[in-house]
Amino acid sequence: MSELIPPIRGMNDILPDATPRWHQLETVTRAVLAAYGYREMRVPIVEKTELFARSIGEVTDIVEKEMYSFEDRNGEHLTLRPEATAGMVRAGISNGLLYNQVQRLWCHGPMFRHERPQKGRYRQFHQVDVEAYGLAGPDIDAELNIMLARLWKALGVSALELQINTLGTPATRQRYRKLLVEYFRRHLDALDEDSRRRLDSNPMRVLDSKVPETRKVVEGAPSLLDHLDAESQAHFAEFQKLLDDSGIRYRVNPRLVRGLDYYTRTVFEWVTTRLGAQDAVCSGGRYDGLVELLGGKPTPAIGFAMGMERMVALMEAEGVSVPDTAPHAYLVRVGAEAERAGLRLAEQLRTALPGLRLLVDCSGGDFGKQLKRADKSGARVALVLGDNEARKHEVGFKPLRNTTEQVSISWDLAVARLAAWVQ
RNA sequence: GUGGACGUAGCUCAGCUGGUAGAGCCCCGGAUUGUGGAUCCGGCUGUCGUGGGUUCGAGCCCCAUCGUCCACCCCA
């Protein structure tokens with residue numbers, strides 16, 4: 001044997017036992033998004049590095065130390081996307097989708113961040129990314145979360161809490177930032193090292209600190225909610241009213257600060273207590289300035305990203321059942337005539353019954369061996385074909401999950417029997 | 001990037017104060033030459049993560065390295 005080539009750290013293979021769960025998540029998500037008028041778009045996984053640097057923010061952790069960046073053969077600086085919004089906006093502008101138009105769009109696929117892997121955090125991970133463009137009012141903010149509440153219900157998960165906050169306009173945020181920095185500077189001694197560092201790079205993140213000492217200081221800090229401009233305040237109030245109307249429960253979390261620079265006004269996060277430290281399953285917010293920042297016409301926008309690995313983990317944790325993917329029937333063949341006839345029978349069944357999952361034993365052996373495999377496959381029934389049956393155009397119909405006797409029936413009748421199990 | 005725990009068969013794991021590697025599951029064969037499940041019998045599989053070092057001798061001790069997990073940081 002040759003030398004083994006190991007997989008890349010933090011990048012997972014999603015194995016056949018796991019894919020039914022992923023399909024379930026994708027299928028349900030697709031249906032809910034369609035019900036709200038969202039259309040799928042597919043964009044490249046690689047973009048120019050500049051796109052992410054400009055949109056996410058030069059001084060964010062993502063851009064400073066987490067991106068998979070490289071030079072291609074032409075010397076262009078490219079990056080594996082660390083998030084989807086920048087590419088979606090770029091594609092929207094490139095293709096004229098965002099000019100004076102309302103668009104409800106979504107995409108899904110892999111994202112890449114060079115972080116230390118842990119539970120719910122990987123270097124290649126997958127997101128469903130949803131974006132609404134051209135809508136400035138709080139009703140779309142609310143609708144997105146109403147839609148998410150419906151999605152959670154459809155997926156069968158309940159251990160999620162909605163947290164909301166507002167960051168105001170860039171102008172108010174800047175003013176507030178100043179106040180905040182001044183306040184923290186007065187209490188510098190009480191701040192931990194990380195928080196001191198953040199004071200220069202991203203002071204609002206200090207509000208999110210988990211260090212007890214720092215938390216005490218944070219409690220006395222000025223709140224952004226008290227320094228909002230009137231319009232942002234009204235927007236946030238209306239957003240909450242609409243959530244109330246829909247019976248969506250939420251908690252205002254003044255410390256909720258998104259890590260990406262482009263967020264404005266409404267931000268939100270659906271969190272769970274069931275997944276350890278990486279508790280945010282879905283989060284997003286408004287980014288009214290991003291389209292313009294990337295060279296488009298000023299366009300209000302709001303969106304969110306759902307972490308698929310985290311959602312899959314939550315579904316597992318909550319014991320959501322997975323659709324059965326075991327074969328409906330397992331065909332065993334013994335004898336030269338039966339072997340040939342069996343393949344014809346299998347094709348007839350598949351033609352007559354779209355959706356039928358039929359496995360033909362091609363490993364050989366006597367009836368005992370093949371039936372053992374039939375049982376292991378999880379099939380409901382074994383179709384038993386020997387030369388005797390083949391000559392008479394019949395097949396043994398042997399239920400494997402109850403004690404019903406095997407019967408010999410015509411091929412046509414086999415179609416009718418199996419039809420009941422195929423949707 | 002920081003800290004801690006852990007890497008032994010395909011999987012889950014045991015392996016004593018350092019003495020030449022084991023169990024269960026899985027898989028394969030048989031009991032059962034046209035019939036699965038339960039039971040019984042037999043069998044296969046190991047760069048002990050990798051590379052060094054200490055030692056007469058290393059799965060065990062030391063160093064380095066890679067990986068996994070958990071937490072920090074950050075975030076989906």
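Quick note: numbers below take in every heavy atom, side chains included, and nothing from hydrogens, waters or symmetry partners.
The base-pairing partner of B/rC73, taking Watson-Crick or G-U wobble contacts with both distances under 3.5 Å, does not exist among the strands shown. Pairing for B/rA31 is with B/rU39, a Watson-Crick or G-U wobble pair whose two hydrogen-bonding atom distances lie under 3.5 Å. Of the nucleotides present, B/rG53 is the one that pairs with B/rC61 by Watson-Crick or G-U wobble criteria, both distances under 3.5 Å. Nucleotide B/rU68 forms a Watson-Crick or G-U wobble pair with B/rA5, both donor-acceptor distances falling under 3.5 Å.
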Begin from the C-alpha positions of A/W411 and A/H393 and carry the test ring-ring contact (aromatic ring centres under 6.0 Å, His included) through to its verdict. CA-CA 6 Å; A/W411 289 14; A/H393 233 58; 4.1 Å; yes
As a quick check of understanding, evaluate ring-ring contact (aromatic ring centres under 6.0 Å, His included) for A/H187 and A/Y183, giving each step before the final call. CA-CA 7 Å; A/H187 300 271; A/Y183 169 82; 4.6 Å; yes
Full working for side chain to side chain donor-acceptor pair (under 3.5 Å) between A/S232 and A/R265: CA-CA 6 Å; A/S232 292; A/R265 288 199 175 145; 3.0 Å; yes
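Counting any heavy atom pair closer than 4.0 Å across all strands shown, A/K65 reaches no nucleic acid atom. Backbone-only contact: A/E66 has heavy atoms under 4.0 Å from sugar-phosphate atoms and none from a base. Base engagement by A/G120 is indicated by at least one non-hydrogen atom pair under 4.0 Å involving a base atom. Looking at heavy-atom distances under 4.0 Å, A/N388 makes contact with a base. Among the heavy atoms of the strands, none lies under 4.0 Å from A/G378. Using a 4.0 Å heavy-atom criterion, one finds that A/A374 contacts no nucleic acid atom at all. Note on A/V334: nothing from the nucleic acid sits closer than 4.0 angstrom, heavy atoms only. Contact annotation for A/Y122: base contact, defined as any heavy-atom pair under 4.0 Å involving a base atom.
Between the base of B/rG37 and the side chain of A/D375 there is no donor-acceptor pair shorter than 3.5 Å. On a pure distance criterion of 3.5 Å, no polar donor-acceptor pair joins the side chain of A/Q370 and the base of B/rU35. The base of B/rC73 is paired with the side chain of A/R121 by a donor and an acceptor separated by under 3.5 Å. No hydrogens or angles were tested; on distance alone, nothing pairs the side chain of A/R116 with the base of B/rC72 as donor and acceptor under 3.5 Å. For B/rC27, the base has no donor-acceptor partner in the side chain of A/R373 [N/O atoms by modelled type, under 3.5 angstrom]. A donor-acceptor contact under 3.5 Å links the side chain of A/E389 to the base of B/rG34.
Between the C1' atoms of B/rC48 and B/rG59, the separation comes to 5 Å (whole Å). Comparing the P positions of B/rC40 and B/rC26 gives a spacing of 12 Å, expressed to the nearest Å. Nucleotides B/rG49 and B/rC66, compared at atom C1', are 7 Å apart to the nearest Å. Here, B/rC61 and B/rU54 have their C1' atoms 8 Å apart, quoted to the whole Å. Annotation: B/rU33 and B/rA38 have their C1' atoms spaced 23 Å apart (nearest Å). B/rU68 and B/rC56 have their P atoms separated by 38 Å, given to the nearest Å. Separation of the P atoms belonging to B/rA21 and B/rC25 is 23 Å when rounded to the nearest angstrom. Comparing the same atom, C1', in B/rU8 and in B/rA58 gives a spacing of 14 Å after rounding to whole Å.
Regarding contacts with the backbone of B/rU68, a side-chain N or O of A/R9 is found under 4.0 angstrom from either OP1 or OP2. Applying the 4.0 Å criterion to OP1 and OP2 of B/rC69, one finds that A/Q118 has every side-chain N and O outside that range.
Between the CG atom of A/D17 and the C1' atom of B/rC11 there is a distance of 12 Å, given to the nearest Å. Counting to the nearest Å, the C1' atom of B/rA38 and the CG atom of A/L371 are 16 Å from each other. Rounded to an integer number of Å, the gap from NZ of A/K372 to C1' of B/rA38 is 11 Å. In this structure, A/R113 places its CZ atom 16 Å from C1' of B/rG1, rounding to the nearest Å. Taking atom CZ of residue A/F125 and atom C1' of nucleotide B/rC74, one finds them 11 Å apart after rounding to whole Å. Remark: C1' of B/rG36 and CG of A/L359 are 15 Å apart, rounded to the nearest angstrom. In this structure, the CZ atom of A/F112 is 16 Å from the P atom of B/rA76, given to the nearest Å. Straight-line distance from the CG atom of A/N402 to the P atom of B/rG36: 16 Å, rounded to whole Å.
A donor-acceptor distance shorter than 3.5 angstrom exists from the side chain of A/Q24 to the backbone of A/S321, with no hydrogens or angles considered.
Between A/H126 and A/K376, the residue whose closest nucleotide on RNA chain B is further toward the 5' end is A/K376. Checking A/T404 against A/L275, the closest nucleotide of RNA chain B that is more toward the 5' end is the one next to A/T404.
When every heavy atom of A/L25 is checked against every heavy atom of A/T29, the shortest pair comes out as O-OG1, 2.6 Å.
Within the 4.5 Å cutoff, no side-chain heavy atoms of A/W270 are placed close to those of A/Q163.
Of the listed nucleotides (B/rG36, B/rA71, B/rC75), B/rA71 has the atom at the smallest distance from the side chain of A/A277. Checked against B/rC73, B/rG29, B/rA76, the side chain of A/K369 finds its nearest nucleotide in B/rG29. In the set B/rC70, B/rC69, B/rG36, the nucleotide with an atom closest to the side chain of A/L400 is B/rG36.
Using cut-offs of 30° and 60° for the angle between ring planes, the A/H227 and A/Y176 rings count as tilted.
Exactly one residue among A/R310, A/R274, A/R21 makes a salt bridge (Lys or Arg N to Asp or Glu O under 4.0 Å) with A/E316. That residue is A/R21.
Both tests do not hold together for A/R81 against A/F112: distance to the six-membered ring centre under 6.0 Å, angle to the ring axis within 45°.
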